[in-house]
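Note that this is a predicted model, so its numbers are computed, not measured. Order of the sequence lines sets the chain letters (A, B, ...), proteins ahead of strands, with each chain counted from 1. We use all heavy atoms of the structure for the numbers below, so side chains are in, but hydrogens, waters and symmetry mates are not.
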2 protein chains.
Amino acid sequence: MTYQVKSTVEDTDLVEKRRGQIVTAATKLFATNGFFRTTIKDIAGLAGISQGLIYQYVTDKEDVLLLVLLDVLDGYARELPAAFEGIADPFGRAIAAIRAYARVVDRRRKATILAYRSTQSLSENRRAIIQNRELETNQILGTLLSECLTEGVIRAVNVDILTYQIVMMAHSWALKHWYFKSRFTLEQYVEHNLDLLFHGVLTETGKARWEGLRKPLLP
Amino acid sequence: MTYQVKSTVEDTDLVEKRRGQIVTAATKLFATNGFFRTTIKDIAGLAGISQGLIYQYVTDKEDVLLLVLLDVLDGYARELPAAFEGIADPFGRAIAAIRAYARVVDRRRKATILAYRSTQSLSENRRAIIQNRELETNQILGTLLSECLTEGVIRAVNVDILTYQIVMMAHSWALKHWYFKSRFTLEQYVEHNLDLLFHGVLTETGKARWEGLRKPLLP
DNA sequence: CCATCCTGATTGAACGACCGCTCATATTCG
DNA sequence: CGAATATGAGCGGTCGTTCAATCAGGATGG
């Protein structure tokens, strides 16, 4: 939780508070103007502190980006489990989680896009931290889906692929919002995708035809 | 094809040639270092021309980015139709197109990521040009899928949603390559996704259960 | 209870480096 | 020779980062 980001200030509460200010301001600015167009001065101004002070709580401008991205991913990991904790049945849990995931992405649409835009601007090791955090979140979904599989409600598909299909379905709502927003509500978007995902698109004729065109599934 | 990017040079062939050099160099540099970390000097150096000359063929650094992104999208639009032109049967055409699309994305993986990273760095109107071009490419796939629908090989799903599912499946191969590369080959990835897409994931039990959990599909 | 001191937090001016873009000049070629 | 094309030094501006100076507030001692 307290990240491997160094600070010269000892007082933990103060560090928490100041970083909170910095991250809140930086998220807003990065999301609208991008990482490179945002200056430390901008961040300091919006956070209500001086430029110099930021460097007591962070070593780099890149560190600010790391803190922002970690905060976004933490948001996912925090809000997801709450959505299905009351539900006993695995399939119900999975569906609640998927719908919740889409809602979380929708609420943080700009921040989600920011993650795609700027994770690559991080140095190798900082990027690895972010990717690991993403995997942890996806693991939550992956586990739920595995349980559906053992329950016999979904067939023996590759869970990794399935998980990423769902994750990308949610992310795409943010990434392609410029297209979807005038055509679907979030709920319509999600339910159409679930319908596709669960039933598939082929008719009986189609399924027969596909048998002649498919390639073997190896792993 | 010749874009709404201004040049002070008259000779059309020369413009084509110089822009080719510039775009090739810039694509390489943008893809590895990002738009903002790449300098005009870098581009000029790799293209084998002087900094000043770039501004005879382009008004802005942003213009270079626009040319690069248009080139990537043109690549899609050019290579896709070739993949299915010999095939008569709509379903076969659609499948050939999907597989080809994934291969094109794979070949231009870094450039595809670049598009996601930096389209937002463009000014409003230049971004609109890019988004339009993307829609045109997707339209190729959309048409193929509509034909499958009238052929009765796929059921009456929303073609917009289906198209974007497939597009994002291909893009995800690039976006999440850091995850997939150690787990699947491109072909495995695609075939698993097609299997999911075509047959759906639910078992018969699952389908019955889903009836109680689904929400109505409006549009 | 106040004056003094000290430590850690905070400020913002300034440094140094960088970079997009221009323009006076050079080169090329018909 | 002259028009079109090409060069690259340099201008003007920006921005990340540092650091000497200031401030706050608690401890100390009279």
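No hydrogens or angles considered: a donor-acceptor pair under 3.5 Å links the side chains of Asp42(A) and Thr39(A).
dC15(D) atom P lies 15 Å from atom CZ of Arg37(B), rounded to whole Å. Phe36(A) has its CZ atom 15 Å from the C1' atom of dT14(D), to the nearest Å. The distance between atom CD of Gln21(B) and atom C1' of dT5(D), rounded to the nearest whole Å, is 13 Å. Across the protein-nucleic acid pair, Lys61(A) atom NZ and dT18(D) atom C1' stand 17 Å apart, rounded to whole Å. Between the CD atom of Glu62(B) and the C1' atom of dC21(C) there is a distance of 15 Å, given to the nearest Å. For the pair Tyr55(A) OH and dG16(D) P, the computed distance is 6 Å after rounding to whole Å. Distance, Leu65(B) CG to dG20(C) P: 13 Å, rounded to whole Å. Rounded to an integer number of Å, the gap from CD1 of Ile54(A) to P of dA9(C) is 17 Å.
Between Leu53(A) and Lys41(A), the residue whose closest nucleotide on DNA chain D is further toward the 5' end is Lys41(A).
Here the nucleotide nearest the side chain of Gln51(A), chosen from dT11(C), dA13(C), dA9(C), is dA13(C). For Ile40(B), the listed nucleotide lying nearest its side chain is dG20(C); candidates were dG8(D), dC15(D), dG20(C). Side chain of Gln56(B), nearest nucleotide from dT10(C), dA6(D), dC21(C): dA6(D). Here dT7(D) is the nucleotide among dT10(C), dT7(D), dT17(D) with the atom lying nearest to any side-chain atom of Ile49(B). Listed nucleotides: dT10(C), dC19(C), dT17(D). Nearest to the side chain of Thr39(B): dC19(C).
As judged by a 4.0 angstrom heavy-atom cut-off over every strand, Arg18(B) is placed among residues touching the sugar-phosphate backbone only. Across all strands shown, Thr38(B) has heavy atoms under 4.0 Å from sugar-phosphate atoms exclusively, and none from any base.
For the pair Tyr57(A) and dT10(C), the criterion of a side-chain N or O lying under 4.0 Å from OP1 or OP2 is met.
When the shell of 6.0 Å around NZ of Lys215(B) is examined, it contains more than 12 heavy atoms from other residues, nucleotides or ligands. Lys176(B) NZ: more than 12 foreign heavy atoms inside a 6.0 Å radius.
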Nucleotide N/O to protein N/O under 3.5 Å, stretch nucleotides 26-28 of chain D:
none

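Aromatic pair Tyr179(A)/Tyr164(B): centroids less than 6.0 angstrom apart.
Looking at Glu187(B) and Arg99(B), no side-chain N of the basic residue comes within less than 4.0 Å of a carboxylate O on the acidic one, giving no salt bridge.
Aromatic ring pairs are classed by plane angle as parallel below 30°, tilted from 30° to 60° and perpendicular above 60°; the pair Phe30(B) and Phe35(B) is perpendicular.
Screening Thr27(A), Val64(A), Ile40(A) for a side-chain contact (heavy atoms from CB on, under 4.5 Å) with Ile22(A), the sole residue that qualifies is Val64(A).
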